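Only one structure is covered here, and it is reproduced in the block below.
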Amino acid sequence: MPELPEVEVTRRSFAVQIEGAKVLSITMGKPLRWPLGCEPAKLVGAQVQQVRRRGKYLLIDLDQGMLMVHLGMSGSLRFAHTLPALGVHDHFDMRTDKGVLRLNDPRRFGAVIATDGESDPVARKLLQGLGMEPLDDAHFQWEVFLAGLQASRSPIKPLLLSGKLVVGVGNIYASEVLFASRIAPTAAANSISTVKAKRLYQAIRDILALAVERGGTTLRDFSNADGMPGHFQLQAKVYGRNGLPCVHCGKAIALLRQGQRSTFYCPHCQKA
DNA sequence: CGTGGCTCCTGTTAGC
DNA sequence: TGCTAACAGGAGCCAC
């Protein structure tokens with residue numbers, strides 16, 4: 001479900017409210033992708049300092065340590081003073097003196113991990129190798145992006161998805177940014193012209209930023225920590241539109257499989 | 001090393 | 001209608 005915009009929208013929807021909160025208790029449901037990594041009781045008494053994001057990871061800094069939250073494919077967070085009784089898909093529940101933070105994740109590809117901080121080996125392992133932050137102008141550098149493309153023979157779509165060059169571009173936005181920059185998803189990264197690469201660079205920034213502004217994408221069930229749905233699906237020009245007319249040329253949008261993932265594109269508008 | 005395929009799990013949908 | 005199979009927004013891990 002969540003790509004960078006959804007994770008960022010989630011972060012913004014509870015970061016300020018949870019600041020300074022003291023952990024009262026933690027309840028775990030079924031196992032997630034990884035174990036919490038410590039006894040839940042160990043976190044009781046900890047105080048939340050701030051909530052940051054790196055790629056699709058939410059980093060909740062505590063006065064001692066750091067919680068890493070990943071929403072996986074189907075996860076969503078809620079933060080509120082009171083929440084309904086735990087449901088079958090609620091697998092992490094953190095009561096604090098400022099409200100309850102709850103992870104609902106039907107598929108359980110998500111995770112909550114307690115670490116000692118960013119230098120913790122577990123945190124390092126997960127965060128190392130992540131690409132540039134596309135919404136951070138100082139971090140997302142054009143020259144580095146171009147050099148990264150030129151250094152890879154991989155088809156561009158899976159390269160974007162890998163997060164090695166830029167983080168946060170998931171399956172929906174990968175199709176959307178390639179359509180916007182008129183690049184074929186199968187084009188080898190090192191075959192993309194500088195002009196097209198520049199369009200791609202800008203499309204990644206613009207489309208992700210717009211999606212954050214709009215509150216994220218709701219294809220099925222995304223909502224932020226206040227429970228509000230996103231509205232970006234209204235903007236999807238190719239994702240999920242195979243067989244429907246291209247908004248630009250009117251020809252049919254095609255569906256392609258790359259690395260077990262669906263890619264949507266316009267064969268007429270997106271060449272090489 | 002870079003790349004591609006497999007894997008975790010449950011819910012929804014398409015097709016017969 | 002009911003059953004079954006395919007597919008879903010992620011990404012680490014392993015084998016080449």
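Letters go in sequence order (proteins before strands), and every chain restarts at 1. Values in this document were obtained by computation on a predicted structure and should not be read as measured data.
In this structure dG5(B) sits in a base pair with dC13(C), meeting the Watson-Crick or G-U test at under 3.5 Å.
For the pair Gln260(A) and dC6(B), the criterion of a side-chain N or O lying under 4.0 Å from OP1 or OP2 is met. Phosphate proximity of dG9(C) to Tyr173(A): absent, as no side-chain N or O sits under 4.0 Å from OP1 or OP2. Put simply, Lys30(A) has a side-chain N or O that comes within less than 4.0 Å of OP1 or OP2 on dT10(B). Phosphate contact (OP1/OP2 of dG2(B), side-chain N/O of Ser152(A), threshold under 4.0 Å): absent. Proximity of His89(A) to the phosphate of dT10(B): no side-chain N or O atom is located under 4.0 Å from OP1 or OP2. Under 4.0 angstrom from either OP1 or OP2 of dA8(C) there lies no side-chain N or O belonging to Tyr239(A). Taking 4.0 angstrom as the limit, Lys164(A) places none of its side-chain polar atoms (N or O) nearer than this to OP1 or OP2 of dA11(C).
A straight line from CG of Leu130(A) to C1' of dG10(C) spans 13 Å, rounded to a whole angstrom. When rounded to the nearest whole Å, the span between CD1 of Ile172(A) and C1' of dA8(C) equals 10 Å. The distance from atom CG of Asp105(A) to atom P of dT10(B) is 11 Å, rounded to the nearest whole Å. A straight line from CG of Asn104(A) to C1' of dG9(C) spans 15 Å, rounded to a whole angstrom. Between the P atom of dG9(C) and the CG atom of Leu160(A) lies a distance of 15 Å, rounded to the nearest Å. The CZ-C1' distance, from Arg33(A) to dC9(B), rounds to 11 Å in whole Å. Per the geometry, CE belonging to Met73(A) stands 17 Å off P belonging to dA6(C), to the nearest Å. Atom CD of Gln258(A) is separated from atom P of dA11(C) by 17 Å (rounded to the nearest Å).
Partner Val112(A) forms a side chain to side chain contact (heavy atoms under 4.5 Å, CB included) with one of Leu77(A), Leu58(A), Leu67(A) and no other, that one being Leu67(A).
Among dG9(C), dT10(B), dC7(C), the nucleotide with an atom closest to any side-chain atom of Arg257(A) is dC7(C). Comparing dG12(C), dA8(C), dA11(C) by their closest approach to the side chain of Arg107(A) singles out dA8(C). With distances taken from any side-chain atom of Trp34(A) to the nucleotides dG4(B), dG9(C), dG12(C), the minimum falls on dG12(C). Listed nucleotides dA8(C), dT3(B), dG10(C) differ in distance to Ser262(A); the shortest reach to its side chain belongs to dA8(C).
Ring geometry for Phe145(A) versus Phe140(A): interplanar angle over 60°, hence perpendicular rather than tilted (30 to 60°).
Pairs passing the side chain to side chain donor-acceptor pair (under 3.5 Å) check and including a residue from residues 25-42 of chain A, sequence neighbours excluded, read Ser25(A)-Arg95(A).
Side chains of Ser262(A) and Arg257(A): a donor on one and an acceptor on the other come within 3.5 Å.
Between Tyr239(A) and Tyr173(A), every side-chain heavy-atom pair lies at or beyond the 4.5 Å cut-off.
Counting distance only, with no hydrogens placed and no angle test, the side-chain atoms of Arg261(A) and the base atoms of dA8(C) include no donor-acceptor pair under 3.5 Å. Side-chain atoms of Arg108(A) and base atoms of dC9(B) include no donor and acceptor less than 3.5 Å apart.
When the P atom is compared between dC7(C) and dG5(B), the two are found 15 Å apart, to the nearest whole Å. dG11(B) and dG12(C) have their C1' atoms separated by 23 Å, with the value rounded to a whole Å.
Lys251(A) contributes no side-chain N or O that, together with a main-chain N or O of Cys246(A), makes up a donor-acceptor pair within less than 3.5 Å. A donor-acceptor pair under 3.5 Å is absent between the side-chain atoms of Asp90(A) and the main chain of Gly29(A), judged by distance alone.
Applying the 5.5 angstrom centroid cut-off and the 30 degree plane-angle cut-off, the aromatic ring of Phe109(A) is not stacked upon the base of dA11(C).
Residue-level contact check: Ser162(A) touches neither bases nor backbone, having no heavy atom under 4.0 Å from any strand.
Between Gly55(A) and Phe264(A), it is Phe264(A) whose nearest contact on DNA chain C lies nearer the 5' terminus.
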